[in-house]
**Student:** 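Mind looking over this structure? Questions follow.
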Number of protein chains: 2
Amino acid sequence: MRKSVKRAYSRYTEEAICLLANLIRSARIEQKLTTQEVADRAGISRSMLQRIEKADLRCQVGAVFEVATIVGVSLFDASQSLTTIRKEINRSKEKLSLLPKTAHKAHKVVDDDF
Amino acid sequence: MRKSVKRAYSRYTEEAICLLANLIRSARIEQKLTTQEVADRAGISRSMLQRIEKADLRCQVGAVFEVATIVGVSLFDASQSLTTIRKEINRSKEKLSLLPKTAHKAHKVVDDDF
DNA sequence: CTAACATGAGTCATATATAAACCATTTCAT
DNA sequence: ATGAAATGGTTTATATATGACTCATGTTAG
């Protein structure tokens, strides 16, 4: 079964995606690309691109990133190129390997019995 | 009708999301948060969080960003805070207002007829 | 000015993502 | 060591996102 979902997003998430949407649209127009063209290149429908540029939170993250990449909007801090992003991935893997595998909660020592 | 879709993503997109996933997982474990906890806070299921941490490109962008926000992975360069991100949104709006509204293709003047 | 084109917005059928539940395995605290 | 807890990997029913159309409006090049 599936609980009927009316998801609530934090203000920060909403605005982050709004910014991303605006950046995408700007970049697209600056490069004189039509919605149809970008959609084709990204392998999505024009309606989908419309939703992305309207900051629809429900779009697939892959589609959004793909479009961003196509119009040249960089996604993370230092990840401008494939090379740098790969380095960062490796760093993150190293880091992950040093961390514990699971996140056990600190046991509440119960002394609230009086 | 709907064409059955086997979407292809660029290498860059894949790796960008892979990096994001790794950063999220690292951050979660560092903070000793279980998958269940983070899922609850984000208002998603544990299975969803698992896919996010496995860099599944088909997750909703809103869910991914929400999780990133919760564990403290920043999405843009300088947009650590709501205030800075809002400034950037405004800047992007200004910029957008100066651009043409539609992206007309430059007419190919055909002189390739000899 | 105006025709061609880009975009916005809505509908609909259906492919697909999602939440829930379950079990097996791994990991960690004690 | 051992048990409690966390995680991985399924499966399934259903809500939902998506692509394809269509029409209306806006915009721009010429």
Side-chain angles (χ1 to χ4, degrees), chain A residues 1-9 17 21-22 24-26 28-64 66-67 71 96-110, chain B residues 1-9 17 21-22 24-26 28-64 66-67 71 96-110:
Chain A
M1 268 140 271
R2 187 184 181 194
K3 193 158 47 174
S4 101
V5 176
K6 177 68 80 175
R7 212 170 296 188
Y9 296 98
I17 294 186
N22 285 353
I24 286 175
R25 169 165 256 262
S26 286
R28 179 179 64 77
I29 296 186
E30 270 185 340
Q31 297 172 39
K32 298 194 190 305
L33 298 170
T34 70
T35 50
Q36 188 66 61
E37 268 183 297
V38 174
D40 288 346
R41 291 200 204 172
I44 61 177
S45 65
R46 192 169 70 89
S47 351
M48 178 84 275
L49 180 61
Q50 285 185 127
R51 273 186 237 116
I52 291 176
E53 291 194 350
K54 266 203 307 191
D56 190 323
L57 298 158
R58 295 160 306 184
C59 305
Q60 290 188 8
V61 64
V64 177
E66 188 74 17
V67 169
V71 300
L96 207 45
S97 70
L98 298 179
L99 287 173
K101 315 295 177 194
T102 67
H104 274 256
K105 286 283 90 178
H107 269 210
K108 286 174 189 267
V109 179
V110 249
Chain B
M1 267 142 271
R2 187 185 181 193
K3 193 158 44 175
S4 100
V5 175
K6 177 70 76 175
R7 212 170 296 186
Y9 296 97
I17 294 186
N22 285 353
I24 286 174
R25 170 165 256 264
S26 285
R28 178 179 65 75
I29 296 186
E30 271 186 339
Q31 297 171 39
K32 299 193 189 306
L33 298 171
T34 71
T35 51
Q36 188 66 63
E37 269 183 294
V38 174
D40 288 346
R41 290 200 205 171
I44 62 178
S45 65
R46 192 168 70 91
S47 355
M48 177 84 274
L49 181 62
Q50 283 185 131
R51 284 211 295 284
I52 291 177
E53 290 193 352
K54 265 203 308 191
D56 190 322
L57 297 158
R58 296 161 305 184
C59 303
Q60 291 189 8
V61 64
V64 177
E66 188 73 18
V67 169
V71 299
L96 207 46
S97 71
L98 298 178
L99 288 172
K101 314 295 179 195
T102 70
H104 275 254
K105 286 283 89 178
H107 270 210
K108 285 173 190 267
V109 179
V110 249

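Heavy-atom basis, side chains included; hydrogens, waters and symmetry copies ignored. Chain A is the first sequence line, chain B the second, and so forth, proteins listed ahead of strands; every chain is numbered from 1.
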**Student:** When you measure from the side chain of Arg28(A) to the backbone of Leu33(A), do you find a donor-acceptor pair of N or O atoms at a distance under 3.5 Å?
**Tutor:** yes
**Student:** Taking Cys59(A) as the fixed residue, which of Leu49(A), Val64(A), Ile17(A) is the one that meets the side-chain contact (heavy atoms from CB on, under 4.5 Å) rule?
**Tutor:**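 Answer to the side-chain contact (heavy atoms from CB on, under 4.5 Å) test with Cys59(A) among Leu49(A), Val64(A), Ile17(A): Val64(A).
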**Student:** Quickly work out the Arg28(A) CZ to dT27(D) P distance and round it to whole Å.
**Tutor:**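 Whole-Å distance recorded here is 14 Å.
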**Student:** In terms of the nearest nucleotide of DNA chain C, which residue is placed more toward the 5' end: Thr102(B) or Thr102(A)?
**Tutor:**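 Nearer the 5' end of the strand: Thr102(B).
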**Student:** Using a 4.0 Å heavy-atom cut-off across all strands, classify Gln50(A) as base, sugar-phosphate, or nothing.
**Tutor:**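 Base contact - Gln50(A) has a heavy atom under 4.0 Å of at least one base atom.
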**Student:** What nucleic acid atoms does Ser47(B) come within less than 4.0 Å of, heavy atoms only: base, sugar-phosphate, or nothing?
**Tutor:**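 Ser47(B): base contact, heavy atoms under 4.0 Å.
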**Student:** Write down the distance between CZ (Arg25(B)) and C1' (dT27(C)), rounded to a whole number of angstrom.
**Tutor:**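 After rounding, the reported distance stands at 12 Å.
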**Student:** Over how many whole Å does the gap from Leu49(B) atom CG to dT7(D) atom P extend?
**Tutor:**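 That distance rounds to 9 Å.
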**Student:** Looking at side-chain heavy atoms only, is the closest gap between Ile24(B) and Val38(B) below 4.5 Å?
**Tutor:**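 The answer is no, as the side chains (C-beta and beyond) never meet within the 4.5 Å cut-off.
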**Student:** Walk me through whether Gln60(A) and Leu57(B) qualify under side-chain contact (heavy atoms from CB on, under 4.5 Å).
**Tutor:** CA-CA 7 Å; Gln60(A) 290 188 8; Leu57(B) 297 158; 5.9 Å; no
**Student:** Rounded off to whole Å, could you give me the CD1-to-C1' distance for the Ile52(A) and dT18(D) pair?
**Tutor:**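 The answer, rounded to whole Å, is 11 Å.
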**Student:** So which one's nearest nucleotide on DNA chain D is more toward 5', Lys101(B) or Arg46(B)?
**Tutor:**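 Taking each residue's closest nucleotide, the earlier one in sequence belongs to Arg46(B).
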**Student:** Is Thr35(B) near enough to dA6(D) that one of its side-chain N or O atoms lies under 4.0 angstrom from OP1 or OP2?
**Tutor:**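 No, because none of the side-chain N or O atoms of Thr35(B) sits under 4.0 Å from OP1 or OP2 of dA6(D).
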**Student:** At less than 4.0 Å, is any side-chain N or O atom of Lys54(B) found next to OP1 or OP2 of dG9(D)? Yes or no.
**Tutor:**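 Indeed, a polar side-chain atom of Lys54(B) lies that close.
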**Student:** Quick one: is Arg51(B) getting a side-chain N or O under 4.0 Å of the dT7(D) phosphate, OP1 or OP2?
**Tutor:**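 The answer is no; no side-chain N or O of Arg51(B) sits under 4.0 Å from OP1 or OP2.
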**Student:** Check Glu66(B) with Arg7(A), please: is the shortest side-chain N to carboxylate O separation under 4.0 Å?
**Tutor:**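 Looking at Glu66(B) together with Arg7(A), the answer is no, because their closest N to O distance does not fall below 4.0 Å.
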**Student:** How long is the line joining NZ of Lys32(B) and C1' of dC28(C), in whole Å?
**Tutor:**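 Lys32(B) atom NZ is separated from dC28(C) atom C1' by 10 Å.
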**Student:** With DNA chain D as reference, determine whether Ala103(A) or Met48(A) sits nearer its 5' end, using the nearest nucleotide of each.
**Tutor:**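 It is Ala103(A) whose nearest nucleotide is closer to the 5' end.
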**Student:** OP1 or OP2 of dA17(C) sitting under 4.0 Å from any side-chain N/O of Arg7(B)?
**Tutor:** no
**Student:** Rounded to whole Å, how long is the line connecting atom CD1 of Ile44(A) with atom P of dA20(D)?
**Tutor:**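 Rounded to whole Å, this separation is 11 Å.
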**Student:** Nearest nucleotide by nearest heavy atom, which residue falls closer to the 5' end of DNA chain C, Gln60(A) or Ile29(A)?
**Tutor:**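 So the residue in question is Ile29(A).
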**Student:** Provide, to the nearest angstrom, the distance between the CD atom belonging to Gln36(A) and the C1' atom belonging to dA4(C).
**Tutor:**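 Computing the Gln36(A):CD to dA4(C):C1' distance gives 16 Å.
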**Student:** Using OP1 and OP2 only, check whether a side-chain N or O of Arg58(A) sits under 4.0 Å from dA15(D).
**Tutor:** no
**Student:** Nearest whole angstrom, please: distance from the C1' of dT7(D) to the CG of Leu33(B).
**Tutor:**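 That distance rounds to 15 Å.
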